[in-house]
Amino acid sequence: MPELPEVQTVLNGLEKALQGKTILSLECFYQGTVIIDPSLDFDPFPARPVSFVRRGKYMLIHLDSGISLIIHLRMTGKLVLDSTLPQADREILKHERARINLDQDCLLHFIDIRTFGKIVLCRTDNVPNYLPKLGLEPLSSEFTPQTLGQKLNARKAPIKTALLDQSIVAGLGNIYVCELLYRAAICPMTAATELSQKQVRRIAAETVKVLTEAIALGGTSISDFRRIDDKTGEFQNYLKVYQKNTCPNGHKVKRIVQAGRATFYCPLCQKQQNQ
DNA sequence: CAATGATCCTGTCCGC
DNA sequence: TGCGGACAGGATCATT
């Protein structure tokens, strides 16, 4: 389940892999995976990528033809670089939903078991119309205890649920929210509106720390996340509560369900009265 | 506007 | 061995 660090890892890999290459075409093998803006009235290929931008869990690849690719991996999407065979000889892989053909006999397979991932092709000036309302970028200067507190304190929902809302903070998912709340020693059931400034400061600090550490380690490979070279990330080896039986202090980790999603936390380390 | 629930989809795992 | 059901869960849409 790619969250911000996994998306950044993939995007970094793409930037390297596409260096000096030209995109020749985009193929779709599953109805709905590739969405082409209806107002696109010319063939945007061949085109060269000019910039690679991440916004929340969205990857934006801007091309020199004034067109952009918007890629979202959702839960099981993977991009796999392949330069092993002449393009014409490559069969469609299992669960391959789309393909980005490059020159130099390279291509990117878009593999997505559960078919929720999307690739949108649209004019660069039209990109914002394809993105939902996204909140603070946790690794940008706009992410401060002040801006975060302002948004969180306006919500009655539990802090765990509020942090998963992409219109509050963009890029967090279930794994990193559980992890950062443990590190900040905040009980996941605490109403966001009731968080003290001190608690918000800890949440902001631990969010930046856990995301930065995870990016440095190439993300978390919990189920099937892979880098584009198909290697696994390393951060799963550093998780403290997510899918764990005990926390680093040896306490029993509890699993509850909030807003339909599993929450892992330590009732001893994350007490509600921790100020 | 906020909060909730259903939906999309397939592989894996568990109990019987 | 196989079958049904729960679970995994990001984002979107409809509903309250």
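Throughout, a chain's letter reflects where its sequence line sits, starting with A, and its residues are numbered from 1.
Among the protein residues, A/A259 comes within range of no part of the nucleic acid, since none of its heavy atoms lies under 4.0 Å from any strand.
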(message) Protein within reach of the bases, or only the backbone? For nucleotides 11-16 of chain C, mark each nucleotide 5' to 3' as B, S or -, using heavy atoms under 4.0 Å.
(response) BS----
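For DNA chain C, none of the residues of residues 147-155 of chain A falls under the heavy-atom distance limit of 4.0 Å.
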(message) Does A/I186 form a side-chain contact (heavy atoms from CB on, under 4.5 Å) with A/Q270? I'd like the steps, not just the answer.
(response) CA-CA 5 Å; A/I186 304 286; A/Q270 295 165 268; 5.6 Å; no
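In terms of the ring pair (Phe, Tyr, Trp, His ring centres under 6.0 Å) criterion, residue partners of A/F264 (sequence neighbours excluded) are, by chain and number, A/Y242. Among residues two or more places apart in sequence or in another chain, the ring pair (Phe, Tyr, Trp, His ring centres under 6.0 Å) test is passed with A/H95 by none. When the ring pair (Phe, Tyr, Trp, His ring centres under 6.0 Å) test is applied to A/Y58, the partners found at least two apart in sequence or on another chain are A/H72.
Under the side-chain contact (heavy atoms from CB on, under 4.5 Å) rule, A/L172 has a single partner from A/T207, A/L164, A/D165, which is A/T207.
Across the protein-nucleic acid pair, A/L73 atom CG and B/dT10 atom C1' stand 17 Å apart, rounded to whole Å. One can place CD of A/Q243 at 14 Å from P of C/dC7, the figure rounded to the nearest angstrom. For the pair A/K118 NZ and B/dC8 P, the interatomic distance rounds to 12 Å; values are reported in whole Å. Nucleotide B/dT12 holds its P atom 15 Å from the CE atom of A/M75, rounded to whole Å. One can place CD1 of A/I113 at 7 Å from P of B/dT12, the figure rounded to the nearest angstrom. One atom, CD of A/Q258, and another, P of B/dT4, lie 11 Å apart when rounded to the nearest Å. Remark: C1' of C/dG10 and CD1 of A/I71 are 17 Å apart, rounded to the nearest angstrom. Between the P atom of B/dA3 and the NZ atom of A/K160 lies a distance of 15 Å, rounded to the nearest Å.
One finds a side-chain N or O of A/H95 lying less than 4.0 angstrom from the OP1 or OP2 phosphate oxygen of B/dG11.
Contact annotation: the side chain of A/I70 approaches that of A/C122 to within less than 4.5 Å [non-hydrogen atoms, C-beta and beyond]. Contact of the A/T33 side chain with the A/F29 side chain is not registered, since no non-hydrogen atoms from C-beta on lie closer than 4.5 Å.
No single ILVMFWY cluster, assembled from side-chain heavy atoms under 4.5 Å apart, contains both A/I61 and A/V127.
The 12-atom threshold is exceeded at CD of A/Q243, counting heavy atoms of other residues, nucleotides or ligands nearer than 6.0 Å.
The C1' atoms of five pairs define one axis at each end of the helix from B/dA2-C/dT16 to B/dC16-C/dG2, and these two axes lie 50° apart (to 10°).
Judged by a 6.0 Å distance limit and a 45° cone about the ring axis, A/R97 is positioned over the six-membered ring of A/Y30.
Using a cutoff of 4.0 Å between basic side-chain nitrogens and carboxylate oxygens, A/R183 and A/E213 are scored as salt-bridged.
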